[in-house]
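Start at 1 and go down the list; that is how both ligands and their atoms are numbered. These figures come from a predicted structure and were not determined experimentally.
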Amino acid sequence: MLVDIRSLDPVRVAGLLLAGLIVQKIARVIYTAYFTPLNQVPGPKWARLTDLWLLWQLYSFRKCPTINECFHEYGPIVRIGPNKVALNTEEAIKTIYGIGTKFVKSEWYKTWSLLGFDNVFTIHDPKEHAERRRITAKLMSKSNVVVYLPDINDHIGNFIRLCSRRSGKVINLMPIYRYLALDVVGSTAFGRSFDLMKTGADHPFADDLDACVMAIPPRGYVSKWAWEIIKRFPNEKWQFYLGGEERMCSYSDEVIDEQLAYAKGHDGQLSEKHLKTLVGAYLGYKDPKGRPLSRGVITGEIGTIYFAGTDTTSNSLAFITWEVARSKAIQGKLFGELRERISDPSQVPTLADVETWPYLNAVIKEGLRKYAAAPSHLERVVPPGGATIQGKYLPAGTVVGVQAYSIHRKPEVFPDPEAFIPERWLDETEEMRRHFMPFGLGSRVCMGMHIAYIEMRLALAMLVRNFAVSLPEGHDPRDMECKDFWLVFPAAKKLEVTLTPRNQAECLSP
Ligand code: HEM
């Protein structure tokens, strides 16, 4: 029987359509929650119904500890979202991140596509990623990063001078470490530092970085249409956060322009010095078809380096320094090693030396274990055909991951995991090595790892060699409680210490 469409009440039709959509949505949620193979994977009941559970944990700044608690409650495989599973075993590490893995990064990473351009951190396709990574891989390799050493040594020297000027009173080391990291990134990425250690000046970069940290991660957790609404929220602070990405990327504009102008006057060739910088490597690159990268891609890549290389290193240093400051025994032992090896405390030691100093490296590794800067489960997607991990079948498209936070807290590998015990690394076992993943693993392992190690080793060595580091009276350890919002940070977002120059007498008795 045909119905005359004109006779229908449009309000009723709209209502019926809406009701149909809601029923379909609810049916889908119930089906995904209870009738897919993921039903076999235990986990919190809200997590199987909606991603809002995970979003809530993110905004409570305790996603990692919550997932860790889930491992204790449900075992080493836990459903943390309608389509998300977290794992906590060596088998999972090998399957997901091992050599030749077919598990590619999840859609969530696209949220870090700065200015809308894919970068080395966000590209999914393994071939495309390998091609992009190759552009700067040599410059950032262990054997090459020594070319940046003279600059890094200058920054460390200026860092110690800055600390000297502020010694004797309570200072907040967090922004100082952040600016040190920014100086180092400036030298490596641009061949030009921000000179923040030299001048001791503040830089708007800090606010822009904070803005990015607030605005970028959440957009990966909501649908595109929801984000379009959220980002229009007419709040001044929120709009400032949203603008952080563009402002941060714009810091590289001047250097890119300068290198382009040079090339224009030299038959399109960059100078030797330019080619040693990441900007130069990107500007000099041509793809297999002879096409250069666009300006937007290069700006986005350099923004990614700022982002990946600043707070990661500086917050790691902050947590490590705090642990050193609050334990007389650890600081005494570390100082003992440094006093023996750095005879002139005004001279930055050589890299070859610091790499081999056992206690210094044990302190740093313990810091990276307990306070891995990016400890979240590094999301990957189960490839076509599905995969069986921990005896559970996970269909293709399931988002899986292992979080360093939990792997670094396995008591059978790291006894008393919440304690800061550098000594455990003096006798490092093969098992500890396999369970140490602060820089990620496999083909997507951190590209800045060697730069970060140089910076952390030299900064910590010189700080403790030159000053006794103590916590101010009334310091509340809860200020340094580790919060996570993909990257970790101390609850109070500050690290207040007093630096007392070591005189000869103190040198003998720390
Ligand atoms: C203590 C300091 C650092 C830590 C703990 C750290 C941690 C990480 C982790 C866990 C990843 C892997 C993410 C994933 O698989 O999803 C990563 C990737 C990356 N990191 Fe770092 N990072 C640090 C410092 C740096 C520095 C100093 C730079 C640059 C100067 C940098 C540049 C990168 C880049 C470009 C990637 C993407 C690599 C790729 O996907 O191929 N990182 N980092």
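- The side-chain tip of K63 does not point at the ring of F485 from less than 6.0 angstrom away and within 45° of straight on.
- Nearest protein neighbour of atom 15 (O) of ligand 1, counting heavy atoms only, is R380 NH2, 2.8 Å.
- Under 4.0 Å from ligand 1, the heavy atoms of K105 that appear belong solely to its side chain.
- Contacts between T313 and ligand 1, counted as non-hydrogen atom pairs separated by less than 4.0 Å, involve both the backbone and the side chain.
- Considering only non-hydrogen protein atoms, atom 38 (C) of ligand 1 sits nearest to R133 NH1, 3.5 Å.
- Side chains of R409 and N68: no donor on one and acceptor on the other come within 3.5 Å.
- When Y306, F307, W108, F439 are ranked by how near their heavy atoms come to atom 11 (C) of ligand 1, first place goes to F439.
- Interface atoms of ligand 1 facing V445, defined by a heavy-atom separation under 4.0 Å, are 38 (C).
- A salt bridge links E355 with K142; the closest basic N to acidic carboxylate O contact falls under 4.0 Å.
- A distance of 9.0 Å separates CD1 in I80 from CG in D51, rounded to the nearest 0.5 Å.
- At the shortest separation from atom 34 (C) of ligand 1 among protein heavy atoms lies M447 N, 3.9 Å.
- Looking at atom 37 (C) of ligand 1, its nearest protein heavy atom turns out to be F121 CD1, 3.6 Å.
- Here is the list of ligand 1 atoms found below 4.0 Å of a heavy atom in H129: 39 (C), 40 (O), 41 (O).
- Ranking the protein heavy atoms by distance from atom 28 (C) of ligand 1 puts G448 CA, 3.4 Å first.
- A salt bridge does not link R62 to E481: none of the charged side-chain nitrogens sits closer than 4.0 Å to a carboxylate oxygen.
- Of the protein's non-hydrogen atoms, C446 CA, 3.5 Å is the one closest to atom 18 (C) of ligand 1.
- Between Y285 and R132, the side chains place no donor N or O within less than 3.5 Å of an acceptor N or O (distance only, hydrogens not considered).
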Please determine whether side-chain contact (heavy atoms from CB on, under 4.5 Å) holds for the pair H129 and H124, giving the CA-CA distance in whole Å, both sets of side-chain angles, and the decisive distance to 0.1 Å. CA-CA 7 Å; H129 168 258; H124 288 180; over 6 Å; no
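- In this structure, L499 and L463 have side chains that are in contact, with non-hydrogen atoms separated by less than 4.5 Å.
- In terms of protein heavy atoms, atom 1 (C) of ligand 1 is closest to S316 OG, 3.6 Å.
- Scanning the protein heavy atoms around atom 26 (C) of ligand 1, the nearest turns out to be G309 CA, 3.3 Å.
- Remark: side-chain polar atoms of R178 are not paired, donor with acceptor, to backbone N or O of N315 under 3.5 angstrom.
- Residue M140 approaches ligand 1 through these ligand atoms, each under 4.0 Å from one of its heavy atoms: 29 (C), 30 (C).
- Heavy-atom proximity to Y109, at under 4.0 Å, picks out these atoms of ligand 1: 14 (C), 16 (O).
- In this structure, K105 forms a cation-pi arrangement with F121, its terminal cationic atom sitting closer than 6.0 Å to the ring centre and no more than 45° off the ring axis.
- Within the set A308, P438, A130, the minimum heavy-atom distance to atom 25 (C) of ligand 1 is found for A308.
- Considering backbone and side-chain atoms together, R444 places an N or O closer than 3.5 Å to an N or O of ligand 1.
- Among all heavy-atom pairs drawn from F436 and R369, the shortest one is CE1-N, 3.9 Å.
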